[in-house]
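These notes concern the structure reproduced below.
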Amino acid sequence: MNLIQRIKDKQILELLQEANKTTLREYGNQITLERAIFLSWWCDKGDCSFCYMSSQKPLIRDPKKARRRVEAILAEAEMVRRMGWNIEFLSGGYGAFTTSEIKNIATQIHHITQNPVWLNVGITSELEAYGEEVTGITGAVEVANPQLHRKICPSKPLEDITSMLTQAGELGFKKAITIILGLGETPEDLKYLWELIEQQEIDRIIFYSLNPHPETPYAHTSPPASLYYAGVVAATRIKFPKLEIITGTWVDNLANIGPLILAGANGITKFPLFKMFGTRYGRRVEKEVEWAGRDLQGTFTDTSCLEGESPSSELEPYLKRYIKSCLNTKTEYKV
């Protein structure tokens, strides 16, 4: 029986068992904590129907004021380094920063973490500008069914994304894509996703579950069922044993973590890091990893990692602010 049919027949436990064995064989038992670092809350496209930034675009009069200060971005990278997390990618909406500005930020982060970064900054033909500070390029596919994609992301054609990824491969960069589950896709649509992975020789995939935002068409849509999510990840792991898989879940769905790890996740993401650090929610993340039989790289609770030498004096005020947020235990983070 093929993998898609097994999902449709809800043979999820069997898929998890097979996927877990595959992951342990190919990758061992380590799980990473991943943090996407956002550059701006402005997107010049602003018409993806699920996206928070699409609801904010009409409210932003000056896009430059929606940009984060570079010092805050670099301080966040330093905090991620101290905690032992990975930077999932640098992410910013269209038109927020120029290519040269993104390159400068990536170069400084590379210097801080000693690791090159992934980029998820939209469709661009200017990849030749990047060098050793960048390890890979991420295409925000979100949904691989072409008809559904045209409806949900009208200004981000799949053809343009794949052209960018092809160029990235030719330039020696690794290639990744993002997928959001719960946008109206079906298990049958996995054939489009797997075809894309094969054709583009994708190195990494990041799965998210829909987070319904107010003022968007998906505001009242339920996120996908946890076992459906896990089944899709498991089938993808079985289909592509060597593919790096990152899975994102929200603070109100932390119970997804254990099944997603068993389904084949190498890393987990999508947490409000500084609000959750050291709280019962951070401890819950670590417990989910422990009970999935994995070893966690990095910490969500060890406050001893927070202090350290600042890369530069300009970052110090921002580092103090982040540390204060992590140590603020007067009130637990509320969902």
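The figures here come from the full heavy-atom set of this structure, side chains too, leaving out hydrogens, waters and symmetry mates.
I238 CD1 to L243 CG: the interatomic distance, rounded to the nearest 0.5 Å, is 13.0 Å.
In this structure, K103 pairs ionically with E133, as a charged nitrogen and a carboxylate oxygen lie closer than 4.0 Å. Using a cutoff of 4.0 Å between basic side-chain nitrogens and carboxylate oxygens, K242 and E26 are scored as salt-bridged. A salt bridge does not link R321 to E316: none of the charged side-chain nitrogens sits closer than 4.0 Å to a carboxylate oxygen. Taking a cutoff of 4.0 Å between a charged side-chain nitrogen and a carboxylate oxygen, K191 and E195 do not qualify as a salt bridge. Using a 4.0 Å cut-off between charged nitrogen and carboxylate oxygen, R67 and E101 count as a salt-bridge pair.
A side chain to side chain contact (heavy atoms under 4.5 Å, CB included) with L33 holds for exactly one of N86, V285, L273; it is V285. Considering R69, E78, E76 in turn, R69 is the only one that fulfils the side chain to side chain donor-acceptor pair (under 3.5 Å) rule with Y318. With L193 as the fixed residue, the side chain to side chain contact (heavy atoms under 4.5 Å, CB included) test singles out one of I202, V141, I205, V143: I205.
Note on I268: it does not cluster hydrophobically with W250, by side-chain heavy-atom contacts below 4.5 Å among ILVMFWY residues. Put simply, M276 and L327 are part of the same group of oily side chains (I, L, V, M, F, W, Y) that touch within less than 4.5 Å, one to the next. Both I245 and Y229 are assigned to one and the same hydrophobic cluster, defined by single-linkage of ILVMFWY side chains at heavy-atom distances under 4.5 Å. Transitive grouping of hydrophobic side chains (ILVMFWY, heavy atoms separated by less than 4.5 Å) keeps Y192 and I152 in distinct clusters. Grouping the Ile, Leu, Val, Met, Phe, Trp and Tyr side chains by contacts below 4.5 angstrom, directly or via other members, places L16 apart from Y27.
No side-chain donor-acceptor contact under 3.5 Å links N145 and E185. Under the 3.5 Å distance criterion, with hydrogens and angles disregarded, a donor-acceptor pair is assigned to the side chains of Q200 and T166. Judged by distance alone, the side chains of S125 and Q167 never bring a donor and an acceptor atom under 3.5 Å apart. At a cut-off of 3.5 Å, with distance as the only test, no side-chain donor of T138 or N120 sits close to an acceptor on the other residue. Side-chain atoms of T236 and W194 include a donor-acceptor pair closer than 3.5 Å. For the residue pair N266 and R237, a side-chain donor N or O sits within less than 3.5 Å of a side-chain acceptor on the partner. Neither side chain, R35 nor T269, offers a donor N or O lying under 3.5 Å from an acceptor on the other. Between the side chains of T186 and E188, no donor-acceptor pair is found at a separation under 3.5 Å. Under 3.5 Å, the side chains of T113 and N115 contain no donor-acceptor pair of N or O atoms.
Within the 4.5 Å cutoff, the side chain of I177 has no heavy atoms near those of the I206 side chain. Taking the side chain as every heavy atom from C-beta outward, H110 and E132 approach each other to under 4.5 Å. Contact of the P311 side chain with the L319 side chain is registered, since non-hydrogen atoms from C-beta on lie closer than 4.5 Å. Looking at heavy atoms from C-beta onward, F89 lies out of side-chain contact with L119 at the 4.5 angstrom threshold. P116 has its side chain out of reach of V134: every pair of non-hydrogen atoms, C-beta onward, lies at least 4.5 Å apart. Side-chain contact between Q297 and Q30 is present, with heavy atoms from C-beta onward closer than 4.5 Å. F207 has its side chain out of reach of I246: every pair of non-hydrogen atoms, C-beta onward, lies at least 4.5 Å apart. Between S226 and P259 the shortest side-chain heavy-atom distance does not fall below 4.5 Å.
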Take H149 and I161 through the test side chain to side chain contact (heavy atoms under 4.5 Å, CB included) and record every step on the way to the result. CA-CA 12 Å; H149 186 276; I161 294 173; 4.1 Å; yes
Could you go through the salt bridge (charged side-chain N to carboxylate O under 4.0 Å, His left out) check for K287 and E290 one step at a time? CA-CA 5 Å; K287 286 295 183 182; E290 176 187 342; 3.4 Å; yes
Verdict with supporting geometry, F240 and I197, side chain to side chain contact (heavy atoms under 4.5 Å, CB included): CA-CA 9 Å; F240 302 98; I197 293 171; 3.7 Å; yes
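Taking both residues in full, the closest heavy atoms of V117 and A106 are given as CG2-CB, 3.7 Å, listed atom of the first, atom of the second, then distance. Nearest approach of A265 to V233, heavy atoms of both residues: N-CG1, 4.5 Å. Of all heavy-atom pairs spanning G139 and L165, the tightest one is N-CD2, 4.0 Å. A pairwise comparison of heavy atoms in E142 and C153 identifies CG-SG, 4.1 Å as the closest pair. Shown here for I180 and F50, the closest heavy-atom pair between the two residues is CD1-CE1, 3.3 Å. For the pair K45 and S155, the tightest heavy-atom approach, listed with the atom from each and the gap, is CD-CB, 3.8 Å.
A donor-acceptor contact shorter than 3.5 Å is absent between the side chain of T32 and the backbone of E34. One N or O on the side chain of Y218 and one on the backbone of L183 form a donor-acceptor pair closer than 3.5 Å. Put simply, the side chain of T299 gets close to the backbone of D302: a donor and an acceptor are under 3.5 Å apart. Under a 3.5 Å cut-off, the side chain of N253 and the backbone N or O of N256 do not form any donor-acceptor pair. Proximity of a side-chain donor or acceptor of E201 to a complementary backbone N or O of E198 within less than 3.5 Å is not detected. Between the side chain of E288 and the main chain of G258, a donor-acceptor pair closer than 3.5 Å is present. No donor-acceptor pair closer than 3.5 Å links the side chain of W41 to the backbone N or O of G92. The backbone N or O of I123 lies less than 3.5 Å from a partner atom in the side chain of Y94, making a donor-acceptor pair.
A centroid separation of less than 6.0 Å is found between the aromatic rings of F274 and Y322. Checked against the 6.0 Å centroid threshold, F300 and W85 count as a close aromatic pair.
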